[in-house]
Amino acid sequence: MTNVTESITHWELLEIEKPARYLGGEVNQAEIKSSPDLRVCLVFPDLYDLGMSNLALKIFYETLNDHPKIMAERAFSPWPDFEQLLRHKNLPLYSLETGTPLHDFDALLITLPYEMTFTNVINLLDLGKIDLQWRNRDKGPMIIAGGPSASNPLPVAMFMDAILIGDGEEAIVEICETLITAKQARADRSATRRELAKIQGMWVPEFAAPVKRRVFKGFAASRPPIKPVLPNVQTVHNRATLEIFRGCMQGCRFCNAGFYYRPKRERPVENLVENARLLLQNSGEESLGLLSLSTSDYCNLGELITALDRQKLYPEQNVSIPSMRMNESTISLLDSTPHIRKGGLTFAPEAGTQRLRNVIKKNISEDDIISVMKATSGSDYRTVKLYFMMGLPFETDADIEGIVDLVRRLEAIGRTCRPRKQISISLSGFVPKPFTPFQWAAQADVSELRRKRLIVTRGLERSGSKVSWREEFLCLLESVLSRGDERVGELILKAWQLGCRFDGWHEHFSRSCWEQAFAETGINADDYLRERRIEETLPWDFVDFQVPRAYLEKEYADAAKSAREEINESAD
């Protein structure tokens with residue numbers, strides 16, 4: 001078995017930023033199986049520092065390595081300095097566990113967490129010395145992807161043998177067992193893909209049949225990963241992660257994740273407490289992060305926090321709650337125990353006026369927002385971060401100006417608090433995502449988003465709040481990559497050929513290369529940014545998302561009706 005790392009000298013590694021990203025050998029790494037029936041590599045198309053915090057990777061790694069016939073290893077996108085070293089020495093990208101070249105595995109299982117990783121996916125295949133397009137592969141690993149950004153699989157279809165849509169816990173085992181059977185039968189690639197297509201949730205580009213989103217109904221009773229690999233370098237989230245529930249029933253009309261992870265499924269308190277104890281024992285972490293789309297929506301959160309507090313393993317142990325709703329019960333909860341991590345508070349009002357929050361079905365009121373800010377007085381929290389979107393359907397300039405007005409009001413409250421509160425706001429352009437009620441809406445263009453952003457930044461020039469924003473062209477690009485058809489695959493390929501990598505990283509993103517890719521492929525972004533007619537066939541309609549189209553249509557119509565009524569009331 002080839003070990004690529006033996007071809008890289010210590011002196012060469014010393015020239016690389018954070019060489020520990022590429023060495024493996026971490027605590028809790030899976031035991032190497034001598035002769036497994038199937039060898040797969042779990043691939044995360046971004047930096048090790050991010051990927052090692054990814055929960056899906058932890059779930060699949062533990063699940064597959066618990067299987068007696070499967071060995072699962074890991075690989076991540078190398079930073080440009082290490083990529084340059086690999087290319088200079090003509091070495092393939094390899095797994096961390098055994099240094100095995102990617103092209104020697106039976107399968108690569110690639111997580112697609114966000115659209116800005118798509119060029120990294122192509123780069124990983126190329127570095128692994130694997131042909132980029134499924135049609136051209138007659139050997140090497142099966143390339144299988146999944147994750148939230150695979151909801152609409154068409155933009156990456158040309159690169160994948162198969163794509164999983166939905167939850168992966170059960171499906172990942174079925175996929176691997178299907179591959180074992182095909183391998184033992186010496187089935188060709190087309191026959192193997194045909195067998196994969198029989199698994200619920202699996203979409204295979206070769207056959208392009210309708211597919212139904214996979215839902216893991218056994219989530220509540222399932223065991224979360226409790227023995228995570230401990231990274232060699234500090235990661236973006238430096239804590240042990242425990243998923244307490246999956247799904248969301250708030251029904252925000254803009255939120256793909258809210259529909260992707262439906263229905264809501266909660267793990268029982270007693271199970272979470274026991275698994276938290278094992279997780280902290282196995283990881284040695286002092287902070288336990290309670291993960292969900294909105295942790296304060298867990299029905300028995302107070303009981304859970306109290307139980308976790310009672311069974312502390314270390315005096316410094318604390319609980320981190322990264323996602324919350326703006327209501328006073330949230331603040332009461334956070335102040336109920338001294339052992340909750342008190343870094344800062346992060347909330348997402350999304351819109352600057354109550355009118356628009358009603359339209360997008362963001363179920364928080366103006367009073368909620370003001371009350372939460374007032375309730376922070378006397379607490380240890382010093383920073384409050386707020387997320388807002390611009391370019392939402394049925395938005396007016398009054399709604400954008402409302403962001404300025406709301407932030408100023410919150411600043412005034414923050415100045416009276418003890419300790420005084422620092423407010424920061426983050427602005428991003430709205431992206432109409434598939435399988436949401438706003439999937440038919442138009443994407444605001446770059447100039448319009450910039451105009452709206454300037455209303456906010458100029459309005460807050462003399463304020464004490466810190467304002468950051470997402471580059472407007474990135475919002476446009478995300479819309480094309482999420483709402484695209486098969487032609488978008490050619491755009492992604494061309495962008496990669498022009499040098500695009502790490503598009504989610506400001507220092508590496510190249511707008512000019514993407515604009516050149518649009519020009520050279522003849523793809524017009526406006527074709528994907530336009531408003532869609534309700535009766536129109538959408539590119540992703542072949543996916544049964546298990547959310548009725550009639551429901552999404554009604555929600556979109558109700559949003560339009562709400563917008564008209566609110567405007568009429570304002571006029572009166």
Side-chain angles (χ1 to χ4, degrees), residues 27-28 53-56 58-59 61-63 66 167 169 216-230 235 237-250 257 261-347 368 372 375-376 378-381:
V27 174
N28 291 339
S53 295
N54 181 262
L55 182 61
K58 296 177 183 179
I59 293 171
Y61 190 79
E62 203 159 306
T63 299
D66 282 346
D167 293 332
E169 283 91 336
F216 180 33
K217 296 180 180 178
F219 173 83
S222 68
R223 192 195 76 179
I226 57 171
K227 197 174 182 181
V229 179
L230 303 184
T235 58
H237 296 305
N238 192 25
R239 54 179 176 254
T241 302
L242 185 67
E243 187 180 16
I244 62 174
F245 76 89
R246 186 172 297 175
C248 178
M249 293 305 294
Q250 294 294 326
Y261 290 109
R262 283 190 175 194
K264 184 181 178 186
R265 294 149 283 170
E266 293 192 349
R267 284 181 166 133
V269 169
E270 57 272 20
N271 292 7
L272 289 169
V273 171
E274 173 60 15
N275 287 315
R277 182 182 64 80
L278 295 171
L279 177 59
L280 291 169
Q281 281 180 343
N282 291 331
S283 67
E285 295 283 3
E286 293 180 353
S287 181
L288 177 70
L290 303 184
L291 185 67
S292 70
L293 288 178
S294 179
T295 300
S296 51
D297 285 346
Y298 182 72
C299 290
N300 299 302
L301 187 57
E303 179 186 348
L304 175 60
I305 295 292
T306 301
L308 291 173
D309 196 35
R310 278 200 300 262
Q311 67 157 26
K312 282 195 305 173
L313 299 179
Y314 325 107
E316 301 83 7
Q317 185 177 311
N318 58 68
V319 175
S320 174
I321 303 180
S323 53
M324 296 174 290
R325 295 203 183 277
M326 295 195 83
N327 52 51
E328 285 196 70
S329 62
T330 293
I331 302 298
S332 299
L333 170 71
L334 295 178
D335 284 338
S336 65
T337 170
H339 303 297
I340 291 183
R341 195 173 186 176
K342 304 251 174 89
L345 295 171
T346 301
F347 301 107
D368 289 333
V372 164
T376 63
S379 75
D380 293 336
Y381 300 96

Roughly how far, to the nearest 0.5 Å, is the NZ atom of Lys312 from the CG atom of Asp309? 6.0 Å
Between Tyr298 and Arg267, is there a donor-acceptor pair closer than 3.5 Å when you use the side chain of the first and the backbone of the second? yes
Note: Ala257 and Leu293 closest approach over all heavy atoms is O-CD1, 3.8 Å
Check the pair Arg310, Thr306 against side chain to side chain contact (heavy atoms under 4.5 Å, CB included), reporting the backbone distance first and the verdict last. CA-CA 6 Å; Arg310 278 200 300 262; Thr306 301; 3.5 Å; yes
Indicate the atoms forming the closest heavy-atom contact of Leu288 with Ala276, along with that distance. CD2-CB, 3.7 Å
Does either side chain, that of Ser320 or that of Ser287, offer a donor lying less than 3.5 Å from an acceptor on the other one? no
Minimum heavy-atom distance Ile244-Phe219, with the two atoms named: O-CE2, 4.5 Å
Please check this pair: side chain of Asn28 against backbone of Leu230, looking for a donor-acceptor N/O pair closer than 3.5 Å. no
Under 3.5 Å: donor-acceptor pair, side chain of Lys58, backbone of Thr241: no
Testing the basics here: between Leu272 and Glu243, what is the closest heavy-atom pair and its distance to 0.1 Å? CD2-O, 3.9 Å
So does Ile59 get a backbone contact from the side chain of Glu169, meaning a donor-acceptor N/O pair under 3.5 Å? no
Show, in sequence, the C-alpha distance, side-chain angles and deciding distance for Leu278 and Lys227, and conclude whether the side chain to side chain contact (heavy atoms under 4.5 Å, CB included) test is met. CA-CA 8 Å; Leu278 295 171; Lys227 197 174 182 181; over 6 Å; no
From Ile321 CD1 over to Leu304 CG, what is the distance, rounded to the nearest 0.5 angstrom? 8.5 Å
Examine distances only and state if a side-chain atom of Glu266 and a backbone atom of Cys299 form a donor-acceptor pair shorter than 3.5 Å. yes
Roughly how far, to the nearest 0.5 Å, is CG of Leu280 from CG of Asn275? 11.0 Å
Would you compute the distance between atom CG of Leu279 and atom CZ of Arg223 and round it to the nearest 0.5 angstrom? 10.5 Å
pair Lys264-Asp297: side-chain heavy atoms closer than 4.5 Å: yes
For the side chain of Thr295 and the backbone of Leu290, is there at least one donor-acceptor N/O pair under 3.5 Å apart? yes
Report the C-alpha distance between Asp167 and Arg246 in whole Å, list the side-chain angles of each, state the deciding distance to 0.1 Å, and finish with yes or no for salt bridge (charged side-chain N to carboxylate O under 4.0 Å, His left out). CA-CA 10 Å; Asp167 293 332; Arg246 186 172 297 175; 3.4 Å; yes
Residues Asn271 and Ala220: closest non-hydrogen pair is ND2-O, 4.3 Å
Tightest non-hydrogen contact, residues Ser294 and Phe245, listed as O-CZ, 3.3 Å
Between CD on residue Glu270 and CG on residue Asn300, distance to nearest 0.5 Å: 9.0 Å
